[in-house]
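Residue numbers begin at 1 in each chain, while the letters A, B, ... track the order of the sequences.
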Amino acid sequence: MSSPYSDLESRAFWRAAVGERSALDPGDLYRPKFQIPRKARIATAGSCFAQHVGRSLRNAGARVIDDEQLPAAISDDEAQRYGYRLYSARYGNIYTTRQLLQLHREAYGEFEPAEPVWEKDGRYFDSQRPSVEPEGLESPEAVRRHRDTHLQSVRRAFEAANVIVFTFGLTETWEHRATGTIYPTAPGTIAGTFDPEAYAFKNFGFNEVKRDFVAFRERVHAHNPQTKFVVTVSPVPLTATASGQHVEVATSYSKSVLRSVCGYLYQRYPDIEYFPSYEIITSSNNRGAYFENNKRSVSDKGVQTAMNMFLSAQGFSVTPPVIAEASGTSHSTQPGNTEPAGTENSSAANKSADVVCEEELLDAFAK
Amino acid sequence: MTDILFVGDSHLGSIRRAWDGRPEPLQDVSAKFFALPAKHLSEAQCWKPNTFGVGHLAQTHEAIATLSHKINDTLDIALDDISAVIHVGPVVPVAKIFPVLSKYSVDGIQEVAGAAAMSNNAFRSFCRSIAESNPLLPPWTGPDVPRLVVTRPRQSEDAIELMPNFVKDEALRERFKTSSILAAVYAIFDDAYEVLSSKDNYTLVRQSEETFGVSGLTRSVFSVGSKGLLGDDHEETDFFHMNVDYGKLVLDRLAESLQQPLIGR
């Protein structure tokens, strides 16, 4: 008598695939649904962890779009301090699918965020990306002018992309009560003032996250029907929660929702790939080895393991990281890689493994 | 009598020729000059105690040794009585920020219709970043004496018009011609190097303001009649090297800069 399980590969069984797998063996967790062509133009966006994704792709020689490019003579540290070289345009971290959808709508003139300018100490910040100008700008008009040109870059980046890699980060966010505008950081964290009458905590559920991403996909396809997507879930736990629950419980909720949505998208749409960075990093097989001592930040080894699995499965070359002795950060370089003209940045100059993550600022509020 | 050593590339020529007419505060200073074309200058070093030059290459690099003889009448300079070293010719790498100016409107620097906006703070920070990774002070293993850096003169203003390679982007070249964008950018770099000079313990001798044209480059009058290290005339299309009048102004600035470390003591 046959069983539907009798012909399955060993990777389908926990004992063989996990229980008997040696610690830190990443296993056979990922088999691509589709291959990303070598010449595909790739746009990246998402939460802090997405910076690792973009950097690894660039270092592997992928054609990662950078519409707000800087010359190689400028160091990564300085570029990234001002939001350059992080993503395909200078939008900073996009933690939620609502923020992603909102940005795309705004780029096409279909949405205007409420309270677009935040003030702090006489300087002015773009409320949708407050971290990209650490010292702020000199006037609200300057913020609007900068945002207008940035939105042109957003359009160009998404329209040029053959593949969009998006890292789902959070479900928790802050919403403008009257309009539904959401922000990447709570008002009052980097700039602006928190007014409980104006802003409310929002914790998205499965249907909201799903609907937002599906709407984003449809909007992208309206301009470029062939665009494919790679989605992944950031393994980085929440720095803080405003949900009232324990941060570990809140993290579990958030990641579960995001993982469920990714599962749905993967099964429902042939043009959406899921890459299991969340599983690779959080697997019990690793015994926490892929996290730093704070049990939150993903270690260089963890990033390298996850990204090497993705790159090798996708046929990109994988180079061992060079450990930078002084900083303790690691980077890899792709020999022979040259920076092409135009909008794609495959520069091998991305040396810093640090990520720019404004969510971590919430830690300063811990008692 | 105080001895100072000038070490530099072809840009040392204008200073060397101006030395005999040096300003009054430098009258009691004697100078030694050691120059080589830029591509060979890094070969010169303190290869034995209190000696700087290319003597160590006499047997192996005949061409350099011959060149040093022609230019300097010697292979090496004795450093026994040297009270200061003045490095002439390090390049302020302004051109490395040109790609930013081609692509972006920069607050307070230039407005370009339709271009992406960059904040003044970001731009300054990027210029600083370039300055930090392109230090002006050459390596030195000789005596621990005050060191000064005289940067390479900015190109003459004619370079914008007549030297397409200086600014390859045509639109940017047009903006440079009709504005003081370059002047502002050079000022940012000079400020950045001023800060670095304090950290790295050297004195930056900035190019004299009176040599600048409206564009921020060197007034063309200073490139007329410039000569090479061997006394040969530079070609008319040489927009890099300056003449003896320029050298005199450098010496005026040097007299001010040397006042404290040397002359006054």
Evaluate side-chain contact (heavy atoms from CB on, under 4.5 Å) for A:I190 paired with A:W118, printing each intermediate quantity in order. CA-CA 9 Å; A:I190 293 175; A:W118 285 344; 5.8 Å; no

Give a yes or no on whether the ring-centroid distance for A:Y108 and A:H223 is below 6.0 angstrom. yes

Does any backbone or side-chain atom of A:I74 lie under 4.5 Å from a heavy atom of chain B? Answer side chain, backbone, both or neither. both

Minimal heavy-atom distance between B:Y193 and B:P93, with the atoms involved, is OH-CD, 3.1 Å

Under 3.5 Å donor-acceptor, B:T218 side chain and B:R154 backbone: yes

Who among B:G114, B:C127, B:S125, B:S105 has the most heavy-atom pairs with chain A under 4.5 Å? B:S125

Interface check, chain A: of B:I130, B:V100, B:D107, most non-hydrogen pairs under 4.5 Å belong to B:D107

So which part of B:S133 gets closer than 4.5 Å to some heavy atom of chain A, the side chain, the backbone, both or neither? side chain

Per-residue contact mode, A:E68 against chain B (heavy atom under 4.5 angstrom): both

Separation between CD of A:Q99 and OH of A:Y91, rounded to the nearest 0.5 Å: 11.0 Å

Residue part contacting chain A, namely of B:N120, when any heavy atom lies under 4.5 Å: neither

Hey, does A:H146 have a side-chain heavy atom less than 4.5 Å from the side chain of A:R129? yes

Side chain, backbone, both or neither of A:E78 within contact of chain B (heavy atoms, under 4.5 Å): both

Can you tell me which portion of B:Y104 sits under 4.5 Å from chain A's heavy atoms? Options are side chain, backbone, both or neither. side chain

So which part of A:R90 gets closer than 4.5 Å to some heavy atom of chain B, the side chain, the backbone, both or neither? side chain

Flag side-chain contact, heavy atom, 4.5 Å: B:S215 against B:K177: no

